[in-house]
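Just so it is clear, the structure is predicted and the values come from calculations on it, not from any experiment. Numbered from 1 within each chain, the chains take letters A, B, ... in sequence-line order.
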Amino acid sequence: MSDSLLAGLNPPQRHAVTLEQGSALVLAGAGSGKTRVLTTRIAWLLQVKQVPAYRILAVTFTNKAAREMQTRIEGLIGQSCRGMWIGTFHGLCHRFLRQHWRDAGLAQNFAIIDMQDQLSAIKRLLKQHNIDSERYPLKQIQFFINQNKEQGLRPQQLPPAHDVYGKQLQQLYLAYQAQCEQEHTVDFAELLLRSYELLAAHAALREHYQQRFAHLLIDEFQDTNALQYRWLTLLSGSDNQIFAVGDDDQSIYGFRGAEIGNMRRLMQDYAIEQPIKLEQNYRSTGAILQAANAVIARNQQRLGKQLWTEAAEGAPLKLFQANNEQNEAEHVLEQVRALRQQALPYSEIAVLYRSNAQSRLLEHHLFQAGIPYRVYGGLRFFERQEIKHALAYLRLILDPDDDAAFLRVVNVPARGIGSRSVEQLQQFAQQQQSLWQSCSQLTGRVASKFLTFTLLIERLQEACQSLDFASQVEAVVKGSGLREFYGQEKEGRERLDNLDELVNAAALFSQTNPEWPLADFLAHAALEAGEHGAKPGEDAVQLMTVHAAKGLEFHSVFLVGLEESLFPHENALSEHSGLEEERRLLYVALTRARQQLFLSHAQARFLHGQMRYPLRSRFVDDIPANILQTIGVARSPIAPHMPHTAVDGWFIGQTVEHPVFGCGSIAQIERGQSVRIHVNFVQHGLKWLDLRFASITPRQINR
DNA sequence: CTCTAAGAGATTTTT
DNA sequence: TCTCTTAGAG
């Protein structure tokens, strides 16, 4: 039995799968069979080591990955892995909190709110406290709250702030927490923090779970944040095994709090002497791997590994230099057609870009040419307005004190309750009680308006009691007036379809999880916003950001916009180790391709309403020339000899001095009619300087 | 309450 | 340039 499990594994894979005791860090390069190792290890534990399924906990970052892992394990062992805890960090914490809601200090019917909901919650908070959202941008407050939660910090635990601004932020964090308590809502970070705190505070509970989970397996370990790491260590106790799989070179979520350092920390904390390295790549050609290796080798902070393959070198990477972004899109189109000629399905072609804004032009060209395409990104199913409205009604049925849900639909469809009336109600509630409770205490003209609404909700509540799950959703969609509302709207057709789809989703959910209450469906909707990608079976060219492409692979990959300021992105240059993350991002992009890579950059690009003349990305210079073939040069080049990252001796990152603006560093160089440089001055901020007029001097670096 | 117009901001985003 | 948000008029 064990033989068939291990058949076809290479030595390091086999070593990882059959590790007897102690914790391990598996450093799994792109395309090295990471998922296979993880799933085979679990199957091996179950079958060979006879570990009961309930003693295993497997964590991933996405629902998709969790599902895939589960199916693959079940395929390996030939039966269901019931009893095993397998899911995302958030999904598992949610499960834990539903079970221990009382100990966690939560309401039994707590609702999970997504980032959108969180933002509107903060918005309400600002209004209530009369705080200028110019001075305190919503996004910034949200970032502040989430960042602290992800560090495990409650408002009370923050070091005292010295300035007014910091004090205000702390106050807002505190007020936000109070609001969530009152509304029985829990945001994403809160799921983790609550679970962590409960485990930390409740010894009996902690010991119970520590004894239960003999094996903790974590996928994409490089993406864990500080709190997730602490949660894991708490759960692992002193003698449970942690089996972490990840790739430091593919850590691209630093900006969201992922801590690449958790890999080294794990090795220290769990006495792991050497990571197990999976370096044989089964995906790409030799040329593609050479390029990827060369690029990533320039990063300093690495655990170190080098991908290799038994496959042939294959075709060289093709570099196209376009004269502008239109020309670049035309080139992609041309090449896509050529690939199609060779009978390659469209779905095996991906066009990757650094930022979403770049997709529009590509879409336009593909559309014109009648080539099917699919753009990843944008709103997902459960994030759509009409779906959120329907869910808000369901939330209210479940918990009328959910103010967020109340406010969302109190006047949708319109029932004459304007902002004036709502403000009066909020005044009355005084943050002491829920809006729902206040409704019943109101008197006068305003009261009657709200009465129609509360009666509606109560009627729906009653109607739902006798109904099965999907019928409840159906009843709400109809009874709330939402269906009629969107039926009348001009462009409401798609929304109506989506509402029908919601009913289907509910039916499917109750089928798969019989006996699970409505609250779980709502949690499911929040935690799994739905797929971004193509409908299965659809043959379309795949358009997405490099981030979205992680974990995927394609026969042919186009990587467009390889220009300074776009990739690497200009904002990244000023961030701490931003350039290294950009380089990892490139590494991810390159390793998506199995057979063929097309790289391109434009000499001129219209960006933010301005024509820009970006330089070719410095990253292109990192790719060995012998595997890089230039297949096209702009027809009417603006600059005959396209420079690299330096022009006339000036280079990006260089420190310069200006007689008026003082000292600064070069953020960007452009060559159009003349050479312009973008300098970030210490005193005066970003300024464009034309070298024909500006007199700047290089400054000796003495830091 | 809904519609229009003006203004700010424009990386990446698994949950 | 484009898109999303908010303010003010109708």
Side-chain angles (χ1 to χ4, degrees), chain A residues 59-68 87-94 112-120 123 133-134 137-139 142-143 146 149-150 186-192 219-220 222-225 227-228 250-258 325 352-361 376-378 380 382-383 411-422 489 523-533 544-552 561 565-575 578 581-582 584-586 588-589 605-612:
Chain A
V59 203
T60 62
F61 273 85
T62 67
N63 294 295
K64 197 171 148 209
R67 276 195 301 273
E68 188 185 335
T88 63
F89 278 100
H90 295 85
L92 295 174
C93 286
H94 169 243
I112 300 175
I113 56 170
D114 64 13
M115 297 285 278
Q116 255 180 62
D117 298 332
Q118 187 185 39
L119 210 60
S120 46
K123 206 189 233 168
S133 61
E134 300 266 290
L138 287 174
K139 289 265 160 79
Q142 186 181 38
F143 179 75
N146 290 336
K149 285 194 181 190
E150 279 165 14
V186 168
D187 60 49
F188 286 148
E190 185 74 18
L191 284 170
L192 276 149
D219 191 17
E220 305 279 17
Q222 77 283 353
D223 290 339
T224 51
N225 64 30
L227 185 56
Q228 286 159 343
Q250 290 188 72
S251 166
I252 56 173
Y253 286 104
F255 68 94
R256 293 173 93 242
E325 74 273 30
L352 310 184
Y353 34 82
R354 178 63 179 79
S355 66
N356 284 307
Q358 292 169 260
S359 77
R360 186 174 320 134
L361 197 74
Y376 285 64
R380 295 186 290 174
F382 285 109
E383 290 166 355
N411 198 36
V412 181
R415 42 179 77 87
I417 303 177
S419 55
R420 213 47 254 249
S421 310
V422 172
E489 210 173 65
H524 165 81
L527 287 175
E528 183 159 5
E531 292 288 314
H532 256 325
M544 64 189 92
T545 62
V546 180
H547 281 92
K550 194 177 137 199
L552 305 176
S565 82
L566 208 52
F567 199 175
H569 197 279
E570 53 190 336
N571 297 358
L573 300 179
S574 54
E575 283 163 19
E581 184 147 315
E582 294 290 301
R584 293 193 291 269
L585 200 52
L586 178 65
V588 167
R605 183 180 294 276
F606 214 70
L607 205 65
H608 304 332
Q610 257 197 329
M611 191 56 88
R612 314 260 241 133

TODO: Scan A:Glu575 against the nucleic acid and name what it touches under 4.0 Å (heavy atoms): base, sugar-phosphate only, or nothing.
DONE: base

Task: Any donor-acceptor N/O pair under 3.5 Å between B:dT11 base and A:Arg354 side chain - done: no

Task: Rounded P spacing from C:dT5 to B:dT12 in Å - done: 15 Å

TODO: Rounded off to whole Å, could you give me the CG-to-C1' distance for the A:Asp187 and B:dT13 pair?
DONE: 16 Å

Task: Interatomic distance where CD belongs to A:Gln118 and C1' belongs to B:dT15 [whole Å] - done: 12 Å

TODO: Check whether any side-chain N or O of A:Asn356 sits under 4.0 Å from OP1 or OP2 of B:dT11, and answer yes or no.
DONE: no

- [ ] Rounded off to whole Å, could you give me the CG-to-C1' distance for the A:Leu586 and B:dT12 pair?
- [x] 14 Å

Open item on the list: So if I take every side-chain heavy atom of A:Ala548 and compare against B:dT15, B:dT12, B:dT13, which nucleotide ends up nearest?
Closed with: B:dT13

Task: d(NZ, A:Lys550; P, B:dT15) in whole Å - done: 12 Å

Open item on the list: Treating A:His608 as the side-chain partner and A:Gln610 as the backbone partner, does any N or O pair qualify as donor plus acceptor under 3.5 Å?
Closed with: no

Open item on the list: Distance check needed: C:dT1 P versus A:Glu325 CD, whole Å only.
Closed with: 12 Å

- [ ] Just call it for A:Thr60: base, sugar-phosphate, or nothing, with non-hydrogen atoms closer than 4.0 Å on any strand.
- [x] nothing

Polar pairs (N or O, both sides) under 3.5 Å between protein and nucleotides 2-10 of chain B?
none

- [ ] May I ask you to test the A:Asn411-A:Val422 pair for a side-chain heavy-atom distance under 4.5 Å?
- [x] no

- [ ] Taking only the side-chain heavy atoms of A:Thr88 (C-beta and beyond), determine which of B:dT13, B:dT15, B:dT11 contains the nearest atom.
- [x] B:dT15

Open item on the list: Tell me whether the ring of A:Phe89 lies stacked over the B:dT15 base, given a 5.5 Å limit on centroids and a 30° limit on the plane angle.
Closed with: no

Task: Minimum heavy-atom distance between A:Arg354 and A:Glu582, given as atom pair plus value - done: NH2-OE2, 2.7 Å

TODO: Round to the nearest Å and state the distance from A:Phe567 atom CZ to B:dT11 atom P.
DONE: 15 Å

TODO: Output yes when a side-chain donor or acceptor of A:Gln142 lies under 3.5 Å from a complementary backbone atom of A:Gln118, and no otherwise.
DONE: no

- [ ] Consider only side-chain N and O atoms of A:Gln222 and A:Gln250, and report whether a donor and an acceptor are under 3.5 Å apart.
- [x] no

Open item on the list: Quick check for you: among B:dT12, B:dT15, C:dC2, whose closest atom lies nearest to any side-chain atom of A:Arg360?
Closed with: C:dC2

Open item on the list: By the 4.0 Å heavy-atom rule, please label A:Asp223 as base, sugar-phosphate, or nothing.
Closed with: base

- [ ] Hey, can you tell me if A:His547 and A:Tyr253 have their rings parallel, tilted or perpendicular (30° and 60° cut-offs)?
- [x] tilted

Open item on the list: Classify A:Ile417 by what it touches in the nucleic acid, base, sugar-phosphate, or nothing, heavy-atom distance under 4.0 Å.
Closed with: sugar-phosphate

TODO: Please answer whether the main-chain N or O of A:Leu527 pairs with a side-chain N or O of A:Asn63 as donor and acceptor at a distance below 3.5 Å.
DONE: yes

Task: Closest listed nucleotide, where the reference is the side chain of A:Leu527 and the choices are B:dT15, B:dT12, C:dT6 - done: B:dT15

Task: Spacing of A:His94 atom NE2 relative to B:dT15 atom P, expressed in whole Å - done: 15 Å

TODO: Give a yes/no answer on whether the side chain of A:Thr545 brings an N or O atom under 4.0 Å of OP1 or OP2 in B:dT13.
DONE: yes

- [ ] For B:dT12, measure the glycosidic angle (O4'-C1'-N9-C4 for a purine, O4'-C1'-N1-C2 for a pyrimidine) and name it syn if it falls within 90° of 0, otherwise anti.
- [x] anti

Open item on the list: Applying the 5.5 Å / 30° rule, does A:His569 stack onto the base of B:dT11?
Closed with: yes

Open item on the list: Classify A:Lys139 by what it touches in the nucleic acid, base, sugar-phosphate, or nothing, heavy-atom distance under 4.0 Å.
Closed with: nothing

- [ ] Could you say whether A:His547 or A:Ser421 is positioned toward the 5' end of DNA chain B, judged by the nucleotide with the nearest heavy atom to each?
- [x] A:Ser421

TODO: Let me know which of A:Lys64, A:Arg380, A:His90, A:Arg67 forms a side-chain hydrogen bond (donor to acceptor under 3.5 Å, both in side chains) with A:Glu528.
DONE: A:Arg67

Task: Between B:dT13 (P) and A:Asp114 (CG): distance, integer Å - done: 16 Å

Open item on the list: By the 4.0 Å heavy-atom rule, please label A:Tyr253 as base, sugar-phosphate, or nothing.
Closed with: base

Open item on the list: Can you tell me which nucleotide in C:dT1, B:dT13, B:dT12 comes closest to the side chain of A:Phe606?
Closed with: C:dT1

Task: Of A:Ala529 and A:Gly416, the one whose closest DNA chain B nucleotide lies more 5' - done: A:Gly416

Open item on the list: Main chain of A:Gly578, side chain of A:Glu581: is a donor-acceptor contact present, judged purely on distance under 3.5 Å?
Closed with: no

